[in-house]
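Everything quoted here is computed from the prediction, not taken from an experiment. Quick note on labels: first sequence line is chain A, next is B, and so on, each numbered from 1.
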2 protein chains.
Amino acid sequence: MPTHYTGTVEEIIALNTFIKLTRATESLNARLAAKGTLGNLTITQFGVLEVLYHLGPMCQNEIGAKLLKSGGNITLVIDNLEKRSLVKRQASPEDRRRRTITLTETGRKLIQEVLPVHVQAITAEMSVLNPQEQSTLANLCLRLGKKD
Amino acid sequence: MPTHYTGTVEEIIALNTFIKLTRATESLNARLAAKGTLGNLTITQFGVLEVLYHLGPMCQNEIGAKLLKSGGNITLVIDNLEKRSLVKRQASPEDRRRRTITLTETGRKLIQEVLPVHVQAITAEMSVLNPQEQSTLANLCLRLGKKD
DNA sequence: CGATTATTATTCAATATCAAATTATTTGAT
DNA sequence: ATCAAATAATTTGATATTGAATAATAATCG
């Protein structure tokens, strides 16, 4: 029904699964964005603050690796966060190529305030599946996402 | 382990599932992009050609609804496809606000050529899960993506 | 009929995103 | 120790993406 592609049974199943996975992720994110629980942050900005909050200061490279984003992208996102004084760049003493990124007090306060609200929103959206179903989904996704 | 957030069991499970879902989708797409099976098309351009190929000519609005993209975005993507002569805009006779988008012969040839290769790549990536697991995943995602 | 409302596409401004090129620095091998 | 290769950040150019504003057209309702 969703797939109009003609191919082997294996291909139809794979394509159908891929499409549903993609659509679930996109529509979930669209609904979360519509709820406005991200506190005037983009998804990626939120991700950067969140990773700094939970894992402590780190260089841009590491942030990019955690979030699966390119270096050039992280440079821009950090630029925009820095303009709003949510993070700051510091020279790294051991390696002068690196800039260590730290949360400012403002940044910490913001993520502390926004995170629980956003987690609530995620929890509400996910609740169409019961905990066991969610765990099943998480495990399947974990295997699919491997190789990172 | 992946989630450093402190909250209720329900929240932890939901957040963990959400993160794994997001990462699976992103890393899957990154690996597919790396394979270069998209024939010099971006994901969205591919999506536009694919939907026109399988569902026939339609106006930009409809394309946007299918792909969950904004109107402004579709205008630009169609612009870029039109520059490469892969689609063309036609005035709609019944409604002069609409532009009907049609595949050109070049566009049809391209998507016919690229689609099977890309489906193969998707099938290969999905094959870490057996067909039954894929179906389970598809069903869970379908329920999660509802409300579109 | 005529005015209000809705819909379609476009434009604009801001942010995201990647890949490729560049610069600065570090590391490793000889 | 020196030189080559690797790594970190930045810049640039192209495309994506949204939301808001606008213009053109259509539909509705009083």
Side-chain angles (χ1 to χ4, degrees), chain A residues 22 25-36 38-49 57-84 86-102, chain B residues 22 25-36 38-49 57-84 86-102:
Chain A
T22 303
T25 305
E26 284 179 359
S27 83
L28 207 47
N29 276 320
R31 274 177 277 150
L32 286 171
K35 285 195 179 183
L38 282 174
N40 217 21
L41 296 166
T42 67
I43 292 253
T44 308
Q45 289 173 348
F46 184 90
V48 170
L49 296 188
M58 63 181 74
C59 74
Q60 299 187 183
N61 219 23
E62 293 175 289
I63 296 175
K66 298 276 181 216
L67 303 181
L68 306 182
K69 305 292 176 186
S70 71
N73 185 13
I74 294 298
T75 293
L76 178 72
V77 173
I78 299 290
D79 281 352
N80 288 329
L81 288 172
E82 206 174 27
K83 275 181 207 154
R84 289 172 61 185
L86 298 173
V87 302
K88 58 176 187 288
R89 287 177 162 99
Q90 292 174 309
S92 169
E94 329 87 64
D95 187 336
R96 274 183 298 179
R97 289 170 304 182
R98 298 191 180 186
R99 332 276 307 267
T100 302
I101 313 301
T102 321
Chain B
T22 302
T25 305
E26 286 179 358
S27 84
L28 208 47
N29 275 320
R31 274 177 277 150
L32 286 171
K35 285 195 177 181
L38 283 174
N40 217 21
L41 296 166
T42 67
I43 292 252
T44 308
Q45 289 173 347
F46 184 91
V48 171
L49 296 187
M58 62 181 72
C59 74
Q60 300 187 183
N61 220 24
E62 294 175 289
I63 296 175
K66 298 275 182 215
L67 303 182
L68 307 181
K69 305 293 175 185
S70 71
N73 185 13
I74 294 298
T75 293
L76 178 73
V77 173
I78 299 290
D79 281 352
N80 288 328
L81 288 173
E82 206 174 28
K83 276 181 206 153
R84 291 171 61 185
L86 298 173
V87 303
K88 56 176 187 289
R89 286 178 163 98
Q90 290 173 312
S92 170
E94 328 88 64
D95 187 337
R96 272 183 299 178
R97 290 170 304 182
R98 298 190 180 187
R99 331 278 309 267
T100 302
I101 313 301
T102 322

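A donor-acceptor pair under 3.5 Å links the side-chain atoms of B:Glu82 to the main chain of B:Arg89, judged by distance alone.
B:Glu94 has its side chain out of reach of B:Thr100: every pair of non-hydrogen atoms, C-beta onward, lies at least 4.5 Å apart.
Between B:Ile78 atom CD1 and C:dA9 atom C1' there is a gap of 11 Å when expressed in whole angstrom units. Whole-Å rounding puts the A:Arg97 CZ to C:dT22 P distance at 19 Å. A:Asn40 has its CG atom 18 Å from the P atom of D:dT18, to the nearest Å. If you take CD of B:Glu94 and P of C:dT8, they are 12 Å apart, rounded to a whole angstrom. The nearest whole Å value for the distance from the NZ atom in B:Lys69 to the P atom in D:dT17 is 4 Å. If you take CG of B:Asn61 and C1' of C:dT10, they are 13 Å apart, rounded to a whole angstrom. The CG atom of B:Asp79 sits 13 Å away from the C1' atom of D:dA16 (whole-angstrom rounding). For A:Glu62 and D:dT7, the CD to P distance is 14 Å, given to the nearest whole Å.
More than 12 non-hydrogen atoms from other residues, nucleotides or ligands lie less than 6.0 angstrom from NZ of B:Lys35.
For B:Thr44 and D:dT15, the shortest distance from a side-chain N or O to OP1 or OP2 is not below 4.0 Å. Taking 4.0 angstrom as the limit, A:Arg89 places a side-chain polar atom (N or O) nearer than this to OP1 or OP2 of D:dT10. One finds no side-chain N or O of B:Asn80 lying less than 4.0 angstrom from the OP1 or OP2 phosphate oxygen of D:dA14. Phosphate contact (OP1/OP2 of D:dA9, side-chain N/O of A:Arg96, threshold under 4.0 Å): absent. Contact between the side-chain N/O atoms of B:Arg98 and the OP1/OP2 oxygens of C:dT7 is not found at any separation under 4.0 Å.
Annotation for A:Leu67 and B:Glu26: closest pair O-OE1, 4.1 Å, computed over non-hydrogen atoms.
Nearest to the side chain of A:Asn73, among C:dC18, D:dA16, C:dA6, sits C:dC18. Checking D:dT17, D:dT10, C:dA16 against every side-chain atom of A:Gln45, the shortest atom distance belongs to C:dA16.
Note on B:Thr42: only backbone sugar-phosphate atoms sit closer than 4.0 angstrom, heavy atoms only; bases stay farther off. Here A:Ile74 lies out of heavy-atom contact (under 4.0 Å) with every strand.
When the salt bridge (charged side-chain N to carboxylate O under 4.0 Å, His left out) test is applied to B:Arg97, the partners found at least two apart in sequence or on another chain are B:Asp95.
C:dT30 and D:dA1 make up a base pair, with Watson-Crick or G-U wobble contacts both under 3.5 Å.
Residue whose closest nucleotide on DNA chain C sits further toward the 5' end, between A:Lys83 and B:Gln60: B:Gln60.
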